[in-house]
Undergrad: 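The structure's right below; bear with me while I get my questions together.
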Amino acid sequence: MANPTSNCNNNNVIVFGPTGDVGGFAALEASRRGAKVWLAMRDTTKTVAVLQEKESSFERVRADLSDAASVTAAVRTSGATAAFVYLVPTNDGLRSSLAAMQAAGIEFVVFISTYSIPSNVDVRAVPASSVIAFEHAAVEAALEDLQLAHVALRPAYFASNPFKLALDLSSSSSSSSCLEAYVSNGDCLVDCIAPDDIGRAAGALLASPSSSSSPPLKRIFNLCGPQLLTFDAMLAAIGRVAGVDVHIHHLDAARWVDVMADELRALPRPAAVFLTEYYARGFVSAQDARYAPAVANVRALTDRDAMSFDEYLRLHCRRLLPGVGGGG
Ligand SMILES: NC(=O)c1ccc[n+]([C@@H]2O[C@H](COP(=O)([O-])OP(=O)(O)OC[C@H]3O[C@@H](n4cnc5c(N)ncnc54)[C@H](OP(=O)(O)O)[C@@H]3O)[C@@H](O)[C@H]2O)c1
C-alpha cells in the first residue's frame with residue numbers, strides 16, 4: 001500500500017480543539033513529525049493535558065469554530081496551511097468557517113467524521129434522521145463543495161465513551177468504591193478505538209511530507225479499535241483496572257434516552273435516539289467488510305498497531321477516574 005500520508009507538504013499546521021482527546025494527540029503527533037503547530041482555542045488559558053511539559057513548542061491563538069471571523073484571524077496569525085477540525089454546532093455544517101480558513105490560506109483539512117456514515121454513500125444522501133451521521137456528512141459535503149483538499153477520518157466507537165456517557169462520575173458517587181453505569185443494549189459490540197490513535201493518525205496526516213503539489217480532493221479512512229467488546233465487558237474491564245465495582249443499570253431505549261438527554265448528561269435528544277437505534281442493530285461487526293481495513297488503517301497511518309482497550313485503560317484510567325478505587 002502506498003504511504004497514505006505522503007500527499008501534502010504541511011509544515012505549519014493549526015489544530016482547532018487541542019483540549020479535546022483527539023485534538024491533543026493530533027497536535028502532539030504533528031509536532032513530533034516536525035510540523036510547527038498552532039493551538040486554536042476558545043479559551044487560550046486552558047490546560048492541554050496531553051502536551052504538558054512540551055507546551056513551549058506550541059503557540060496558542062484564540063479561535064471559535066462557530067465564529068468565522070475568529071477563524072480567519074487565527075489562520076492569518078498562524079500562517080498555517082493545514083488544519084485539524086472537529087464538528088462543532090453551527091447552523092451551516094461549518095461551511096462559513098471552512099470557507100474562512102480556506103480564504104485565509106488553509107489548503108488541507110483533517111476532519112474528524114464518523115464511521116456511522118456508510119461507505120460508498122454520497123454524503124448528501126445521508127438522511128437527516130441519522131442525526132450524527134448527517135451532521136458529520138454535512139461538513140464533508142461543505143469541504144467537497146469548497147474544493148478544499150481534505151481527509152475524513154471516520155472512527156467508530158471511542159474508548160473514552162464509557163467515561164463520558166455511561167458512567168456516573170458526579171462527585172457524590174465517584175469517591176465511592178462503586179460506580180454506577182447506565183447502558184441500553186449491554187451486549188452491543190463496540191471497537192473501543194483509542195482517541196490517542198485517532199489523534200496520532202490525524203497528526204501524521206497534518207504533518208505529512210510532500211510528494212505532490214496537488215493532493216486529492218478527498219480521502220476517507222475508517223478507523224477502528226483492534227478488539228470488539230460488549231458494553232458490559234467494557235464496563236467490567238474499567239472496574240477491574242480501576243479497582244472498583246461497576247454497577248450496570250440496563251435500561252430500555254426510551255429510559256436511556258431520558259437519562260442521557262435530561263438526567264445524567266445533556267446529550268441532544270435526537271442524538272441519543274440515534275445512538276440507541278445504532279446500538280440496537282449493532283455498532284460494529286467483525287463481519288462488516290469495513291472492520292478489518294479500518295483496524296489496519298490505524299497501523300498504516302500511525303506506524304503502530306491500534307491500542308487495545310486494556311492498554312487505553314492502563315494509560316488513562318487514573319486521569320479519567322480521579323480518586324476512584326485503585327485509579328489504574
Ligand atoms: N465518541 C465517539 O464514539 C465518536 C465516534 C465518531 C466520531 N466522533 C467525533 O469525535 C468528536 C469527539 O472527539 P473528542 O472526544 O476528542 O472530543 P472532546 O474531547 O470532547 O473535545 C472537543 C474539542 O472541541 C473543542 N470545541 C468545542 N466547540 C468548539 C468551538 N466552537 N470552536 C473551537 N473548538 C471547539 C473543545 O474545546 P473547548 O476546550 O473550548 O471546549 C475540545 O477541544 C465527536 O464530537 C464526534 O464529532 C466521536
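Computation of the quantities below employed the complete heavy-atom set of this structure, encompassing side-chain atoms and omitting hydrogens, waters and symmetry-equivalent molecules. This is a predicted model, so every value here is computed, not measured. FYI, the numbering just counts along the sequence from 1.
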Undergrad: Would you sort out whether W38 and N12 count as a side chain to side chain contact (heavy atoms under 4.5 Å, CB included), showing the intermediate values?
TA: CA-CA 8 Å; W38 294 78; N12 190 4; 3.0 Å; yes
Undergrad: To the closest 0.5 Å, what do you measure between CG (N11) and CG (L206)?
TA: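 CG of L206 is found 11.5 Å from CG of N11.
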Undergrad: Determine, using the 4.5 Å side-chain heavy-atom cutoff (strictly less than), whether V241 and V244 are members of one ILVMFWY cluster.
TA: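 Linked within one cluster.
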Undergrad: Quick one: does L264's side chain get under 4.5 Å of E180's, heavy atoms only?
TA: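 Side chain of L264 against side chain of E180, heavy atoms only: no contact under 4.5 Å found.
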Undergrad: Just by distance, do the side chain of S31 and the backbone of V37 share a donor-acceptor pair under 3.5 Å?
TA: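 The answer is no, because no donor-acceptor pair under 3.5 Å joins these two groups.
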Undergrad: Please round to the nearest 0.5 Å and tell me the distance separating atom OH of Y115 and atom CZ of F221.
TA: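 Reported to 0.5 Å precision, the distance equals 15.5 Å.
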Undergrad: Considering only heavy atoms from C-beta outward, does the side chain of L275 approach that of L267 to under 4.5 Å?
TA: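 L275 reaches L267 side chain to side chain.
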Undergrad: Any salt bridge linking D303 with R200? Criterion: basic side-chain nitrogen under 4.0 Å from a carboxylate oxygen.
TA: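 Salt bridge absent between D303 and R200.
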Undergrad: Grab the two heavy atoms, one from A40 and one from A63, that are nearest each other, plus how far apart they are.
TA: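 Where A40 meets A63 most closely, the heavy atoms are CB-CB, 4.0 Å.
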Undergrad: Any side-chain heavy-atom pair from V109 and Q102 closer than 4.5 angstrom?
TA: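 Contact flag for V109/Q102 side chains = no.
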Undergrad: When rounded to the nearest 0.5 angstrom, what is the spacing between OG1 in T47 and CG in D43?
TA: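 Going from OG1 on T47 over to CG on D43, the span is 9.5 Å.
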Undergrad: With a 3.5 Å distance limit and no angle check, can you tell me whether D245 reaches the backbone of C178 through a side-chain donor-acceptor pair?
TA: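 Flag not set: sc D245 to bb C178 has no pair under 3.5 Å.
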Undergrad: Would a distance-only check, ignoring hydrogens and angles, find a side-chain to backbone donor-acceptor pair under 3.5 Å from Y86 to G23?
TA: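 Flag set: sc Y86 to bb G23 pair under 3.5 Å.
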Undergrad: Any heavy-atom pair between the side chains of F108 and V151 that's under 4.5 Å?
TA: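 Yes; the side chains approach each other to less than 4.5 Å.
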Undergrad: Taking atom CG of D258 and atom CE of M260, what is their separation to the nearest 0.5 Å?
TA: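 So the gap between those two atoms works out to 10.5 Å.
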Undergrad: So Y278 and S116, do their side chains get closer than 4.5 Å, heavy atoms only?
TA: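 Yes, their side chains come closer than 4.5 Å.
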Undergrad: Carefully, step by step, assess S70 and R62 under the rule side chain to side chain contact (heavy atoms under 4.5 Å, CB included).
TA: CA-CA 7 Å; S70 77; R62 209 205 75 77; 3.7 Å; yes
Undergrad: Tell me whether I220 shares a hydrophobic cluster with L87, the cluster being built from Ile, Leu, Val, Met, Phe, Trp, Tyr side chains joined at under 4.5 Å.
TA: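 Different clusters.
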Undergrad: With salt bridge (Lys or Arg N to Asp or Glu O under 4.0 Å) as the test, would you mind laying out the steps for D67 and R42 before giving the verdict?
TA: CA-CA 10 Å; D67 169 5; R42 291 189 291 184; over 6 Å; no
Undergrad: At their closest point, which heavy atom of A35 faces which heavy atom of V13, and how far apart are they?
TA: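 It is CB-CG1, 4.2 Å.
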Undergrad: For residues V246 and M234, determine if any side-chain heavy atom of one lies less than 4.5 Å from a side-chain heavy atom of the other.
TA: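 Side chain of V246 against side chain of M234, heavy atoms only: no contact under 4.5 Å found.
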Undergrad: Keeping the roles fixed (side chain from R269, backbone from A261), state whether a donor-acceptor pair exists under 3.5 Å.
TA: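 No: the side chain of R269 does not pair with the backbone of A261.
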Undergrad: With a 4.0 Å cut-off on N to O distance, would you call R281 and E277 a salt bridge?
TA: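 Salt bridge absent between R281 and E277.
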Undergrad: Please tell me whether D92 and T90 have a donor and an acceptor in their side chains that are separated by less than 3.5 angstrom.
TA: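 Yes, T90 and D92 have a side-chain donor paired with an acceptor closer than 3.5 Å.
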Undergrad: Give a yes or no on whether the backbone of A306 and the side-chain of D197 come within a donor-acceptor separation of less than 3.5 Å.
TA: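 No: the side chain of D197 does not pair with the backbone of A306.
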Undergrad: So does A26 get a backbone contact from the side chain of E29, meaning a donor-acceptor N/O pair under 3.5 Å?
TA: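 Checked: no pair found.
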Undergrad: Looking at every non-hydrogen atom in both residues, tell me the closest pair between A138 and R95 and how far apart they are.
TA: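 Residues A138 and R95, closest heavy atoms: O-NH2, 4.5 Å.
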Undergrad: Could you grab the distance from atom CZ of R290 to atom CG of N222, nearest 0.5 Å is fine?
TA: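 With rounding to 0.5 Å, CZ (R290) is 5.0 Å from CG (N222).
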Undergrad: For the residue pair I193 and F158, establish whether any side-chain heavy-atom pair is separated by less than 4.5 Å.
TA: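 Side chain of I193 against side chain of F158, heavy atoms only: contact under 4.5 Å found.
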Undergrad: Can you measure from CG (L320) to CD1 (I238) and round to the nearest 0.5 angstrom?
TA: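 Answer rounded to 0.5 Å: 8.5 Å.
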Undergrad: Counting only N and O atoms by type, is there a donor-acceptor contact under 3.5 Å from the side chain of R60 to the main-chain atoms of T44?
TA: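 Between the backbone of T44 and the side chain of R60 there is a qualifying donor-acceptor contact (under 3.5 Å).
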Undergrad: Listing request: all side-chain hydrogen bond (donor to acceptor under 3.5 Å, both in side chains) pairs with a residue in residues 148-162, at least two apart in sequence or in separate chains.
TA: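 Every side-chain hydrogen bond (donor to acceptor under 3.5 Å, both in side chains) pair that includes a residue of residues 148-162, provided the two are not neighbours, is E140-R154.
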Undergrad: Search all heavy atoms of F58 against all heavy atoms of L28 and return the closest pair with its distance.
TA: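 Nearest heavy atoms, F58 then L28: CZ-CA, 4.3 Å.
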Undergrad: Does this structure show an ion pair linking E311 with R314, if we count only N-O contacts that are shorter than 4.0 Å?
TA: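 No salt bridge links E311 with R314.
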Undergrad: Dump the intermediate steps for side chain to side chain contact (heavy atoms under 4.5 Å, CB included) on M101 and L146, then the final yes or no.
TA: CA-CA 11 Å; M101 65 179 76; L146 291 165; over 6 Å; no
Undergrad: Going by atom types only, do H316 and D21 share a side-chain donor-acceptor pair under 3.5 Å?
TA: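 There is no such pair between these side chains.
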Undergrad: Of the non-hydrogen atoms in L148 and L98, which two are nearest, and what is the gap between them?
TA: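 Reported closest heavy-atom pair: CD2-O, 4.0 Å.
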Undergrad: Specify the closest pair of heavy atoms between A100 and V71, including all atoms of both residues, with the distance to one decimal.
TA: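 Where A100 meets V71 most closely, the heavy atoms are CB-CG1, 4.5 Å.
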Undergrad: Counting N and O atoms only, with roles assigned by atom type, does the side chain of D187 sit under 3.5 Å from a partner on the main chain of T230, one being a donor and the other an acceptor?
TA: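 Not confirmed, D187 side chain does not pair with T230 backbone.
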Undergrad: Could you give me the CA-CA distance, side-chain angles and deciding distance for F163 and L313, then say whether side chain to side chain contact (heavy atoms under 4.5 Å, CB included) is met?
TA: CA-CA 11 Å; F163 299 91; L313 292 179; 3.6 Å; yes
Undergrad: Are T114 and E135 close enough that some pair of their side-chain heavy atoms sits under 4.5 Å apart?
TA: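 Contact flag for T114/E135 side chains = no.
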Undergrad: Let me know which of F231, W256, Y182 forms a ring-ring contact (aromatic ring centres under 6.0 Å, His included) with H249.
TA: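 Between H249 and the candidates, ring-ring contact (aromatic ring centres under 6.0 Å, His included) is satisfied uniquely by Y182.
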Undergrad: Let's go through S308 and D310 carefully: what are the C-alpha distance in whole Å and the side-chain angles of both, what is the deciding distance for side-chain hydrogen bond (donor to acceptor under 3.5 Å, both in side chains) to 0.1 Å, and is it a yes or a no?
TA: CA-CA 5 Å; S308 70; D310 265 16; 5.9 Å; no
